[in-house]
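Just so you know, these numbers use all the heavy atoms, side chains as well, and skip hydrogens, waters and symmetry mates.
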Amino acid sequence: MELQYLKNIRTAFNPAHIQIALDGTYLALPLTRTTVGVWSLQDLSFKPLELEGHRKTIRCMSFGHGSQPKYICTAADDYVIVWNIHLARQAVSKGNQVKGKVIGTTLGCIQYCSFSPDDRLVAACCENDVIILEIKNEKVLATVEGHTARLTGAEFCPHYTSTLVTISEDRTFKVWDISDFSLVYQSQIITASPFISMSMNIEKPQVAIGTADGQVRVYDLTDGNGFRCLHQLDVEKVVRKQKEKKFIEPQPSQGPVKISSRPSWKRPDQSEEVEIVSAEDEIETGSAILGLHFTYGSQNKSSNSSSSTPSFLRHENTLLNDLLDAAPMLCIGTTGSLLQINAKTLDVYKYFDLQDDILTDILDMETVVLNAAGSVYFSQGSSPDQIWCIVGSHFQNTVNVLQWKHAVIHKDEPDLASAMSAVSVTPQSSTEGGKVDSLQEGNSFEGITVLSNTPLLPNSALRSEMVKKVKEDPKAKKTKGATPKNKPGQMMKDQPITFHHKVKSSGYTETPRQTPMFKPQTNFSKSASSNSLVSHSSSSSSLGKSMDKTYPMKCDPPTECHCKIDVAERPTPINRIKFSDDGQYLATALSNKSGHVFKLPLGNKGFSCTGHNNNVNGITWSHDGNWLLTSSDDKSAFLWSKGQSDPNMCIKTVLHNMSTDKDTQKKDKDNVAFPKEVNFAQFYYMDKFILLTSGNTLYMYKYHLEQTKDDIKSKDRLKEPDTKGNVKNHRLMKDNTLIKRKKRNTENT
């Protein structure tokens, strides 16, 4: 069963108005107004552990992140108490009184609390402020203030233990650094609805924030990224589509079938009834985000990770490790539905309407309907395949314990990771029907490698070649004296020697030359030549020795700075650095709209690549080390030749990057600029193609560069795929800022 109903537990008061504790192993609920009951999720039929210590109504409770020991924090208007569950169980078994540690007294109305990742601090939300409590010393460490409305949540980032994120009904969120007692970031008013729920991502430094209008936003907490919004999901729209899909799906007909000969406009239409029902359901349930939780996927260990496989081909050392592992899910609980959404692709994998029947007993086929939810909590226990879900009633003093199966990418789903995992995981010998799986039968290998083990398909795009087309000059006219093309078997006829071209004079009418034409140099300096040879040989030998050195594996990490060089006159952020394959050059992408290349070992100034109009966010080398490819925030990518400061190719639009006809560019609707900044550029398939990413689109180009000595006559050609898969050939124009080189005039001899 996908969703299983386990038990209904009665609480002392409405659970929609308090914070319930759930961590996948234990469940804490208020038994009375001053007593907390702790259940073990392994068996909910056992008597709960009772924790008594408060004198006023309990407002919130939260479990710690560690397992040994396991802490739980309970907060009321009188005390904030931290309990050790293992010690409490031992005290109960011995008949002793259970005691907790009081870390705060009469702090006010605490509506939310949470532990730090190391269980050293507790953040307690009191109206508009956050009180940071230290468990060991039992004292108030700091008070965080700044929100203009009631706080609804405060969580520590699991990747940065001193980073605290707070959300409030003032529709803003703030990021604090507890170690420095400072404010790191504060957002503007983002939406018209208050923030009511949040969850931290265990695998990446990200936080998901839910609002009362059904919106989920995921923000990046990585240092230096500006706490930007990575994803925004309209859950209300997703729920509406799921409901419409459920009502539109054809139901199996029961009873006799009605066959009508009336025209379609006279037949009874049931679409209006379907729309009315779906609209009523949407109004009743609502779409406020009551609960959020990031899950972690189970890792698939394939057979190619054995000791016989080379280390660079094993999945744990390649990008295949992320593809073969089950994708993390974002569990979302609203007032009327439960969803599991892929945290990477935002695809809906599981949806459950709380107004549908939930099976409670398989034998008796008993069902229960939850209707609307007042509070929703998720947690993932020791088994990654199961998700615990607590749904608090909106109108009754009860909570419902549910067990939901974690969404795993199955073989029958059209997904890349599913196809990989179906091959990489140890294949099963048979299915339920006893037949061999067709996917596993067609593939004799048991794992995936980063090297291709099969030839390319005949129609593969990687087989496409750049064919240079030579166009004849239409202005060139055939002259009478021009040499005609001879057909095979014909003899060449006598033609004029000059071919109507002027012949340079031999100079017999000029005065004779007084100086000899060739004057040998005889005043060589032996010392200078020997010194230059010695210096050149010593520099080349030192460079060779420095390049031949390899960093020893069994030693301490590098701690001393060997060389330091400034990439620009002013302090400039370096976005990316890249070594060439031969280890002779180092390329850097800078924020001053340029790139810089240094020759190793560092010591010279190198050369710059200027031409972009915005921050250069990426730089990469070709396989042979002769070309550089840069990507920039100005929505363009440039191709450079090593040692030159002017680009050889400019890719600024999706199509027609090399077209010389401006009218064609204007008339073509498909010739648009990249929608967003080009944040990735790379050579691909032995420098045969160029890959670019802009937004959520991947572009693949094939190109041609003519190696000519004259830059003015150099022609760069590029082929671009259109929407139908055909290939178009265009010509790339040079930048107007290209400096023309003048040829030196030689003397007449």
Do other residues, nucleotides or ligands put more than 12 heavy atoms under 6.0 Å from the [atom1] atom of [X]?
| X | atom1 | value |
| --- | --- | --- |
| Lys676 | NZ | no |
| Asn696 | CG | no |
| Lys204 | NZ | no |
| Leu230 | CG | yes |

Can you measure from [atom1] ([X]) to [atom2] ([Y]) and round to the nearest 0.5 angstrom?
| X | Y | atom1 | atom2 | answer |
| --- | --- | --- | --- | --- |
| Ile619 | Lys578 | CD1 | NZ | 10.5 Å |
| Tyr349 | Leu330 | OH | CG | 13.5 Å |
| Thr172 | Phe195 | OG1 | CZ | 7.0 Å |
| Gln232 | Ile209 | CD | CD1 | 11.5 Å |
| Lys642 | Gln584 | NZ | CD | 8.0 Å |
| Gln215 | Ile289 | CD | CD1 | 8.0 Å |

Give a yes or no on whether the backbone of [Y] and the side-chain of [X] come within a donor-acceptor separation of less than 3.5 Å.
| X | Y | result |
| --- | --- | --- |
| Arg463 | Leu456 | yes |
| Asn201 | Glu203 | yes |
| Gln380 | Tyr296 | yes |
| Asp119 | Gly66 | yes |
| Ser632 | Ser636 | no |
| His147 | Ile167 | no |

Shortest non-hydrogen contact from [X] toward [Y]:
| X | Y | value |
| --- | --- | --- |
| Ser608 | His596 | OG-ND1, 2.8 Å |
| Leu462 | Lys688 | O-NZ, 2.9 Å |
| Asn615 | Ser591 | OD1-CA, 3.1 Å |
| Tyr185 | Gly226 | CE1-O, 4.2 Å |
| Ala154 | Ser114 | O-OG, 2.7 Å |
| Phe156 | Thr161 | CD2-O, 3.5 Å |

request  = Walk me through it: do Thr693 and Asn679 pass the test side chain to side chain donor-acceptor pair (under 3.5 Å)?
outcome  = CA-CA 6 Å; Thr693 60; Asn679 48 24; 2.7 Å; yes
Below 4.5 Å, heavy atoms only, C-beta onward: do [X] and [Y] meet side chain to side chain?
| X | Y | value |
| --- | --- | --- |
| Val672 | Thr653 | no |
| Glu155 | Val165 | no |
| Leu628 | Thr620 | no |
| Thr588 | Arg576 | no |
| Thr191 | Thr211 | yes |

inquiry  = Assess the residue pair Asp347 and Asn342 against the criterion (side chain to side chain donor-acceptor pair (under 3.5 Å)); give the C-alpha distance rounded to whole Å, side-chain angles, the decisive distance to 0.1 Å, and a yes or no.
reply    = CA-CA 5 Å; Asp347 295 332; Asn342 193 321; 5.5 Å; no
We want to know whether [X] and [Y] form a side-chain donor-acceptor pair, criterion being a heavy-atom distance below 3.5 angstrom.
| X | Y | result |
| --- | --- | --- |
| Ser641 | Trp627 | no |
| Ser162 | Asp177 | yes |
| Ser594 | His612 | no |
| Thr163 | Trp176 | no |

ask   = Does the cation-pi check pass for Lys635 over Phe674, that is, NZ or CZ under 6.0 Å from the six-membered ring centre and within 45° of its axis?
value = no
key: With Leu691, the side-chain contact (heavy atoms from CB on, under 4.5 Å) member among Tyr699, Tyr701, Tyr685, Tyr684   = Tyr684
task = Quickly, which of Asn617, Asn613, Asn575 forms a side chain to side chain donor-acceptor pair (under 3.5 Å) with Asp633? Name it, please.
result = Asn617
inquiry  = Go through it in stages, so that I can follow the logic: the residues are Tyr219 and Phe173, the test is ring-ring contact (aromatic ring centres under 6.0 Å, His included), and I'd like the CA-CA distance, side-chain angles, deciding distance and then a yes or no.
reply    = CA-CA 10 Å; Tyr219 293 92; Phe173 75 94; 4.6 Å; yes
